[in-house]
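A short worksheet on the structure shown next.
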Amino acid sequence: MKIDNIALIIAMRSEAAPLIEAMDLKKQDGAFPGKTPFEGYDGSYEGKQVSVIVSGRSRVHGIDNVATQPAALMTFLAIDRMNPDLIINAGTAGGMAEHGCRIGDVYLSEGPFCYHDRRIPLPRFREYGIGSYPSVDTSELAASLGFKRGRISTGDSLDMTDRDLEMIRENGAVIKEMEAAAVAWVCEMMEVPMFAVKAITDLIDRSMSTEEQFVANLHLAVSNLQEAIKRIIGFDGL
Ligand code: ADE
């Protein structure tokens with residue numbers, strides 16, 4: 001399939017800003033319904049139509065609309081309004097040192113996307129809670145561009161309980177973050193191909209707190225993410 005029109009779903013303004021600047025994308029006024037906080041930027045990069053959709057600020061709390069609810073809604077609106085051939089969910093994530101993750105690494109998703117914090121212990125609802133939504137096969141892209149690949153597990157918390165960690169392991173995941181499965185759920189429903197690109201800010205199986213690691217490493221991870229996305233969009237085989 002030829003990819004001409006790519007939409008990137010990004011939760012935090014600080015994750016998106018360097019990319020918007022580097023690709024010289026322009027803000028699209030009126031891209032989304034008036035009362036929604038989402039922001040759309042678009043332009044052309046390496047011969048492809050590229051849109052970046054950012055979650056915007058919470059009117060109540062004044063910070064970025066991170067996590068699964070806004071991610072699902074903005075993905076749906078992006079598909080409805082921009083009709084992309086491909087959705088890429090880009091952002092930062094925690095990684096598992098026990099699987100070789102290092103701060104600043106960029107990972108491409110290896111499906112399926114799962115949740116580690118939706119526990120519904122009833123027949124078949126259990127599997128529904130965990131989810132299982134496909135990723136585009138990123139093996140050629142990763143091999144050609146030299147990125148790591150790993151399975152991603154999503155939840156609505158930056159920290160985690162012991163049970164969350166157990167479920168991340170049960171999901172076979174290497175990466176923990178807060179949007180990808182929600183984006184993938186909408187993409188599966190709407191039949192739009194999707195994968196995720198995540199840069200590691202923190203190691204979830206190390207003793208230093210996630211928040212401290214996240215703040216200390218955000219700049220490095222976002223810079224690596226931006227370089228990676230430009231190379232991915234410019235890749236001939238995409
Ligand atoms: N984003 C960056 N690090 C994360 C983590 N450890 N958990 C969830 N989201 C993250």
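Each residue takes its place number in the sequence, starting with 1. In listed order, ligands and their atoms are each counted from 1.
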- Message: I'd like to know if R13 pairs up with E39 as an ion pair, taking the criterion as any Lys NZ or Arg NE/NH1/NH2 lying under 4.0 Å from an Asp or Glu carboxylate oxygen.
- Response: yes
- Message: Does the structure place the NZ or CZ of R118 under 6.0 Å from the centre of the six-membered ring of Y128, at an angle of no more than 45° from the ring's axis?
- Response: yes
- Message: Looking only at side-chain N and O atoms, does N171 offer a donor or acceptor that is under 3.5 Å from a partner on S153?
- Response: yes
- Item | E177/K198 ion pair, N-O < 4.0 Å | yes
- Would you say the side-chain atoms of T92 and E15 include a donor-acceptor pair closer than 3.5 Å? yes
Just the distances, no angles: every ligand 1 N or O to protein N or O pair closer than 3.5 Å, one line each.
{"unit_1": "ligand 1", "atom_1": "3 (N)", "unit_2": "G94", "atom_2": "N", "d": "3.2"}
{"unit_1": "ligand 1", "atom_1": "3 (N)", "unit_2": "T201", "atom_2": "OG1", "d": "3.3"}
{"unit_1": "ligand 1", "atom_1": "3 (N)", "unit_2": "D202", "atom_2": "OD1", "d": "2.6"}
{"unit_1": "ligand 1", "atom_1": "6 (N)", "unit_2": "D202", "atom_2": "OD2", "d": "2.7"}
{"unit_1": "ligand 1", "atom_1": "7 (N)", "unit_2": "L158", "atom_2": "O", "d": "3.4"}
{"unit_1": "ligand 1", "atom_1": "7 (N)", "unit_2": "K176", "atom_2": "NZ", "d": "2.7"}

- Measure the spacing between CZ of R119 and OG1 of T161 and express it to the nearest 0.5 Å. 5.0 Å
